[in-house]
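Have a look at the structure below before the remarks.
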Protein chains: 2
Amino acid sequence: MRPTVHDIAETAGVSLATVDRVLNDRPGVRGVTKAKVEAAIVSLGYVRDVAAANLAKSRVYPLVFILPEGDNPFMRGLEAEVRRAGLHSPAERTRLSVATVPAFDAGALVKAIDAAIMEDVSGIAAVVVDAPEVSAAIARAHAAGIPFVTLVSDLANSGRDHFVGVDNIAAGRTAGSLMGRFLGERPGAVAVLAGSMRVRDHRERLDGFHAAMPVTRTVLPVLEGQDDPDLSFSLISDCLAANPTLAGIYNLGAGNRGLIKALSARGRADLCVIAHELTAETRAALETGLVDAVLNQDAGHEVRSAIRVLRAKADGLPVISAQERIRLDIFIKDNLPAGPDEDEQPGAAGN
Amino acid sequence: MRPTVHDIAETAGVSLATVDRVLNDRPGVRGVTKAKVEAAIVSLGYVRDVAAANLAKSRVYPLVFILPEGDNPFMRGLEAEVRRAGLHSPAERTRLSVATVPAFDAGALVKAIDAAIMEDVSGIAAVVVDAPEVSAAIARAHAAGIPFVTLVSDLANSGRDHFVGVDNIAAGRTAGSLMGRFLGERPGAVAVLAGSMRVRDHRERLDGFHAAMPVTRTVLPVLEGQDDPDLSFSLISDCLAANPTLAGIYNLGAGNRGLIKALSARGRADLCVIAHELTAETRAALETGLVDAVLNQDAGHEVRSAIRVLRAKADGLPVISAQERIRLDIFIKDNLPAGPDEDEQPGAAGN
DNA sequence: CTGTTAGCGCTTTCAT
DNA sequence: ATGAAAGCGCTAACAG
């Protein structure tokens, strides 16, 4: 049997309460006593039983996720994952809630953050836009002692406690590299569709893409579709019309529906298309060959990571960063995971 | 607060012990009583607190992993992940151990399985070879009531309770598809290096690869390197010498060291090379451009999945299959995860 | 500053 | 067939 608080208390010659104080470094223990207890802890090789601890402090952690509203499938997927995690949340002593705000709207985002601060939640996870007001709101959360993690798109110098998402520069580079190889010697320029240059993840992906593109290949000026299907559709349609020799398209944002509609309208099967986020749409497009590769960040992993990090921060525990790194998945037609149909059961820990 | 066993006892008008008997359907409860309790359970929407349950029954589950010995880096990686999981195992009330046996040796494997059965472990996870004696040993484990999962390579009709690993046919298809695109119109045959056609995962990958290859592309007869670096080296060296116009190599087995040595000896940068399993060697080869893509199954995910499944089976709980699916990762130079150097901290749950 | 005591939600003897 | 009571390992009042 592994050592318990009782064993520590005994070998250190103190009471349980004192051991507990040292363990959770709470005030009210003399230096010598503390030293004795700590000695006992290391000599016995004690490791705390987290499950028992959680059981004893029957505290719950209200966490709020702030996400862009609208029909962006990736964001709705994130929301679904939060709800899914919510089913299991009582076991982890968390209570999850979701607030949605208009996309790319700094003011609304700030309001939502302040509302969460008012409610005195134990942690906030948000998909943020890059604006000074937002950084200020994050600073207020910090000042109120509320852990804050950025989700999907980072805001590094805002004082957020942690970023949960992929390395977006690497994502752009991956797209560029893949596009380069798929195109080979085939001539023609490539187009890039983004949502908005006002979110950092889109800017970073663009940078990475440019960096990985051979200099001999022309990259057209970025099209900003505001992650809106209709706008994206017309931008891509116009682009296809204006550039009959176009060789490829990289969509680094969320306007996949518009993109795919435009592609199927033109029926240009010779185009190399790379998009982000595996959704029902991109999956179907991958299967029909309209899209060649999809880069993905797993929404379930991100949500669970955000929860773990917020909980850790909430009780002052360290975050094991290696464990919280979010990988960039590459999907092609052949390594698609089983579809949502076969996948209905709420997952918990992930693989 | 969500309902507890006390609430059930109260609304059903019985004692805690009876509630527990019904909950764990243990004998010794009259039909009527049972019905009353069950009614209370559903009406209150009770869900058992697993952590508390585990705390109370301070039972431990001894689990054994049986892996091939030798310097196969992927297998050593698996072993390392088992040890890593072992650090956290007390919290999950499991005790992990590893047994290694000579690779591709059915007799040794059978001995190890029988030894585990004798020790009366709570579960066995093994990388198995495809042989009737092995199936028989698995059947003995089953008869002894010991859950058995196959790891990495399956043995479907053996009575194993579960398979933890990737879809190897899809893996082969992915390799073929990627190779086809990377090669484009470039002429030349492709070679395939395997470990042994006696393990099912290698056969399945080969099948998938052939299926995804355009008929216009010649695939040379498979080379069996026994996952041995020296043998793999000479097979590939000879092959390169004999086929000066070779366009690509797919290594579906573990002989990466030999392969890479042969490649760097020849200095043929124009070759498209796809291999399996992200190890220090394949990572380096990816970075230097000697290898173009690496298909990977995450050893950490597999180990944790095996543990979850064995535990679930051990206490008769259902396995959430959607949660236990192991994905096939594609890595290219640009989406390599942070290296082992930055990654030293033992991870627990994974993303 | 330190100790005593009563739980958290569930399981498990041991009685009845 | 059912119940009472004592824990599992830890935390949290409340006393001293």
Side-chain angles (χ1 to χ4, degrees), chain A residues 1-38 40-41 44-61 88-94 311 314-317, chain B residues 1-38 40-41 44-61 88-95 314-317:
Chain A
M1 231 43 235
R2 72 182 170 153
T4 75
V5 278
H6 290 93
D7 302 320
I8 300 176
E10 192 168 343
T11 68
V14 298
S15 78
L16 281 187
T18 302
V19 174
D20 187 64
R21 289 185 185 103
V22 176
L23 241 29
N24 299 286
D25 50 41
R26 272 188 275 269
V29 186
R30 239 184 336 159
V32 252
T33 325
K34 187 167 176 181
K36 268 196 302 187
V37 175
E38 276 163 349
I41 291 177
L44 294 181
Y46 171 82
V47 282
R48 167 213 250 93
D49 182 329
V50 213
N54 282 332
L55 177 58
K57 53 170 178 228
S58 44
R59 177 181 165 190
V60 298
Y61 301 78
H88 295 255
S89 69
E92 276 125 58
R93 322 255 151 218
T94 56
R311 275 210 36 162
D315 10 70
L317 299 174
Chain B
M1 232 38 237
R2 70 179 172 156
T4 74
V5 278
H6 290 92
D7 302 318
I8 299 176
E10 194 168 340
T11 69
V14 298
S15 76
L16 281 188
T18 302
V19 174
D20 186 67
R21 288 184 188 106
V22 175
L23 242 28
N24 299 287
D25 52 42
R26 270 188 277 269
V29 186
R30 242 183 334 158
V32 251
T33 324
K34 186 167 176 179
K36 271 196 302 190
V37 175
E38 276 164 349
I41 292 177
L44 294 180
Y46 170 83
V47 281
R48 164 212 252 97
D49 182 329
V50 210
N54 281 332
L55 176 59
K57 52 170 179 231
S58 41
R59 173 180 168 191
V60 297
Y61 301 77
H88 294 255
S89 69
E92 277 127 56
R93 322 250 153 224
T94 57
R95 198 204 325 288
D315 26 54
L317 298 175

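Basis for what follows: all heavy atoms, side chains included, without hydrogens, waters or symmetry-related copies. So you know, we letter chains A, B, ... as the sequences are listed, proteins then strands, and number each from 1.
One can place CD1 of A/Ile41 at 10 Å from P of D/dC10, the figure rounded to the nearest angstrom. As rounded to whole Å, 12 Å separates atom P of C/dG9 from atom CG of B/Leu16. Protein atom NE2 of B/His6 is 12 Å distant from nucleotide atom C1' of D/dA4, rounded to whole Å. A straight line from CG of A/Asn24 to C1' of D/dG9 spans 13 Å, rounded to a whole angstrom. Between the CG atom of A/Leu55 and the C1' atom of D/dA12 there is a distance of 13 Å, rounded to whole Å. A straight line from CZ of B/Arg48 to C1' of C/dC8 spans 16 Å, rounded to a whole angstrom. Atom CG in B/Leu23 sits about 17 Å away from atom C1' in D/dG3, given to the nearest Å. Atom P of nucleotide D/dC10 and atom CZ of A/Arg93 are separated by 16 Å, given to the nearest angstrom.
Using a cut-off of 4.0 Å between Lys/Arg side-chain N and Asp/Glu carboxylate O, B/Asp7 and B/Arg2 are scored as not salt-bridged.
Comparing A/Val32 and A/Asn54 along DNA chain C, the residue whose closest nucleotide (by nearest heavy atom) sits nearer the 5' end is A/Val32. Between B/Ala52 and B/Gly13, it is B/Gly13 whose nearest contact on DNA chain D lies nearer the 5' terminus.
Residue A/Val19 is out of contact with every strand shown, counting any heavy-atom pair closer than 4.0 Å. Residue contacts shown for B/Val14 are limited to sugar-phosphate atoms, with no base heavy atom under 4.0 Å away. Contacts of B/Val5 with the nucleic acid, taken as non-hydrogen atoms under 4.0 Å apart, include base atoms. Heavy atoms of B/Arg26 sit under 4.0 angstrom from primed sugar atoms or phosphate atoms, though from no base atom.
When the side-chain nitrogen and oxygen atoms of A/Ser15 are compared with OP1 and OP2 of C/dT4, none of them lie within a distance under 4.0 Å. Put simply, A/Thr18 has no side-chain N or O that comes within less than 4.0 Å of OP1 or OP2 on C/dT2. Within the 4.0 Å cut-off from OP1 or OP2 of D/dA1, not a single side-chain nitrogen or oxygen of B/Arg21 is found. Within the structure, a side-chain polar atom (N or O) of B/Thr33 is placed less than 4.0 Å from OP1 or OP2 of D/dT2.
Comparing atom distances between the A/Arg30 side chain and each of D/dG3, D/dC10, C/dT2 picks out C/dT2 as nearest. Of the candidates D/dA4, C/dT11, D/dT11, D/dT11 carries the atom nearest the A/Ala53 side chain, counting heavy atoms from C-beta on. Ranking D/dC10, C/dC10, C/dG3 by closeness to the B/Tyr46 side chain, first place goes to C/dC10. Side-chain proximity of B/Asp20 to the nucleotides C/dC10, D/dA13, C/dT2 is greatest for C/dC10. Checking C/dT11, D/dG9, D/dT2 against the side-chain heavy atoms of B/Lys57 singles out C/dT11 as nearest. The side chain of B/Ser58 sits closest to D/dC8 out of C/dG9, D/dC8, D/dA4.
Between the side chain of A/Asn24 and the backbone N or O of A/Asp20 there is at least one donor-acceptor pair closer than 3.5 Å.
Closest approach of A/Arg21 and A/Pro27 over heavy atoms only: CD-O, 4.1 Å.
In A/Glu10, the CD atom is not crowded: 12 or fewer heavy atoms of neighbouring residues, nucleotides or ligands sit closer than 6.0 Å. Other residues, nucleotides and ligands place more than 12 heavy atoms under 6.0 Å from the CZ atom of A/Arg93.
None of A/Thr33, A/Val32, A/Asp25 except one satisfies the side-chain contact (heavy atoms from CB on, under 4.5 Å) rule with A/Val29; the exception is A/Thr33.
Between the side chain of B/Arg2 and the base of C/dG9, no donor-acceptor pair of N or O atoms lies under 3.5 Å.
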